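For ligands, and for the atoms within them, numbers begin at 1 and follow the listed sequence. None of the values given here were measured: they were computed from a predicted structure.
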Amino acid sequence: MEKFDSDFLWGASSSAFQIEGGWNEDGKGESVADYNSFVHAGPEQADTKVASDFYHHYREDISLMKELGLKVYRFSIAWSRIIPDGDGQVNQKGIDFYNKVIDCLIKNGIEPFVTLYHFDLPLALVEKYNGWENRSCISAFRRYAQICFKEFGDRVKNWQVINEQNLMVRVDERLNMYHVEAKNKERVRAQMDYNMFVASAYVMQDCHKMMPNGKIGPAISSTMTYPASTKPLDVWAAKMNDNFKTNYALEMYCHGQYPGYYSNYLKKVGILPSMQDQDEQVLRDARPDFIAVNYYRTLVASYLPSDAKHPFGTRKNDVDFDLYGYFKIEKNTNLSATEYGAQIDPIGLRIVLNEYYRQFRLPMIITENGLGTPDIMAKDGKIHDQYRINYLADHIRACYDAIQDGVKLIGYCPWSVMDLLSSHQGFKKRYGFIYVNRTDNDLKDLRRIPKDSFYWYQKVITNKGLVN
Ligand code: BG6
């Protein structure tokens, strides 16, 4: 029987633009996430306007979280609710909303675990100066974070800086790079990434200065890659895929420096970001207290040589990009996949947790892990999601095994606490323990219905582990 320690943080996750709705209520400004959801919206795909309507249902939703037995709830604050245009006037109504949510969580015995920025940069910052390309965005983010620490830091002890910067930076629309000319894209992308690292470093230091008991760390999209064959170049390619998609970012957060393989690549391709003298110190002095790990699947890579048509460093695709001179993403024929293509691999989680702990020796918490798939309401009005229970049970077992291996894993917050808007694939792709009665094009009654996985996870939490 896999029993976890009594202080293990059993939780669940969400993010503001995916769960809240009320996208322009009480003074909230438009965000990049709103903008992109409107670009993709249509009869087949919902947008951020209502989402799960947590903005109006938060009391009911938090009582369900209490019934579920959550010890911690990982959610994000919408920057554009606090400062609608990103760097101007503060919106008191936005602060009031999060005060109500935080107080309600605490009253229900649930610890708030707050992400400052989850894919939803205020759109005005893009309009003003192309967002993260400009260093003004660093000061804007720092000011916003300081406001959050001041307003909520008496009750919120655990913070995450930026959700999945390492994934966000690969996707043009998440940074709203619509207006950047193709020939400048990789240079601008590298600059945005670097500026976010500097901003994170400042914010981690500010957190420690303003809240001596505060804990803060990055939330990364993990990458675990198998070589396509035992050929040494394929093995190297798999390692470089992990390095270029995640490890370089962890090195930057934890050691304040790009590793050699990464700065060499930036130099060779001619996209080394412009840096200021003081950055070096700021980056080195940032001290994350933990690493938050988001894990869904694993990848396979083979070596991809550059050629006349594809010079060294040419990128193809976004999230799972290929990189000429380094790696090409392949399919793993040994694994099954969700209908959205994510290859299911609990053992990969055990491997990646061991890797990160060995390299960085920081406590870790899983802040995302889950199965995205359509759920069908059965004739009895319930949602029998045994497939989700199987997925989560296998991953919880992998967490337990990693802890036995010596990894310091302090908590598990699956994605997602309830059904919410997928980051780019509408409402049909569901992850939650709680069904939200709406479809992409019909809001219905937004009723909350606990799924079978809700009652199963409730038992896992009470039992402090899997019930075999
Ligand atoms: C993570 C994001 O990358 O994956 C979440 O942090 C997102 O915001 C989750 O929802 C699942 O991805 P998707 O695209 O299925 O919603």
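- Every atom of ligand 1 is numbered from 1 in the order shown, and the set under 4.0 Å from a heavy atom of Ser422 is 13 (P), 14 (O), 15 (O), 16 (O).
- Taking every heavy atom of Phe119 and a limit of under 4.0 angstrom, the matching atoms of ligand 1 come to 2 (C), 6 (O), 8 (O).
- Annotation for ligand 1: atoms under 4.0 Å from non-hydrogen atoms of Ser423 are 7 (C), 10 (O), 12 (O), 13 (P), 14 (O), 16 (O).
- For ligand 1, the atoms lying closer than 4.0 Å to a non-hydrogen atom of His118 are 2 (C), 5 (C), 6 (O), 8 (O).
- Ring geometry for Trp415 versus His118: interplanar angle under 30°, hence parallel rather than tilted (30 to 60°).
- Set against the non-hydrogen atoms of Lys429, the atoms of ligand 1 under 4.0 Å away are 13 (P), 14 (O), 15 (O).
- Side chains of Asn332 and Arg297: no donor on one and acceptor on the other come within 3.5 Å.
- Using a 4.0 Å cut-off between a side-chain N of Lys or Arg and a carboxylate O of Asp or Glu, Asp87 and Arg143 do not qualify as a salt bridge.
- Checking side-chain atoms of Tyr391 against main-chain N and O of Gly370 turns up a donor-acceptor pair under 3.5 Å.
- With a heavy-atom cut-off of 4.0 Å, Asn163 touches ligand 1 through its side chain alone.
- With salt bridges taken as basic N to acidic carboxylate O contacts below 4.0 Å, none links Arg430 and Asp375.
- The nearest protein atom to atom 3 (O) of ligand 1, hydrogens excluded, is given as Glu164 OE1, 2.5 Å; this is a heavy-atom distance.
- Distances shorter than 4.0 angstrom occur between a heavy atom of Tyr431 and an atom of ligand 1.
- Polar contact with ligand 1: absent for Gln425 (N/O pair, distance under 3.5 Å).
- Nearest protein heavy-atom contact of atom 1 (C) of ligand 1 is Glu368 OE1, 3.0 Å.
- Distances below 4.0 Å separate heavy atoms of His424 from the following atoms of ligand 1: 14 (O).
- Using a 30° and 60° split on the angle between ring planes, Trp10 and Tyr412 fall in the perpendicular class, above 60°.
- Listed here is the closest heavy atom pair of Met204 and Ala286: CE-CB, 4.2 Å.
- Ring-centre distance between Tyr144 and Tyr117: not below the 6.0 Å cut-off.
- Close N/O approach between Gln18 and ligand 1 is found [any backbone or side-chain N/O within under 3.5 Å].
- By the criterion of a heavy-atom distance under 4.0 Å, the side chain of Tyr296, and not its backbone, is placed next to ligand 1.
- Aromatic pair Phe97/Tyr58: centroids less than 6.0 angstrom apart.
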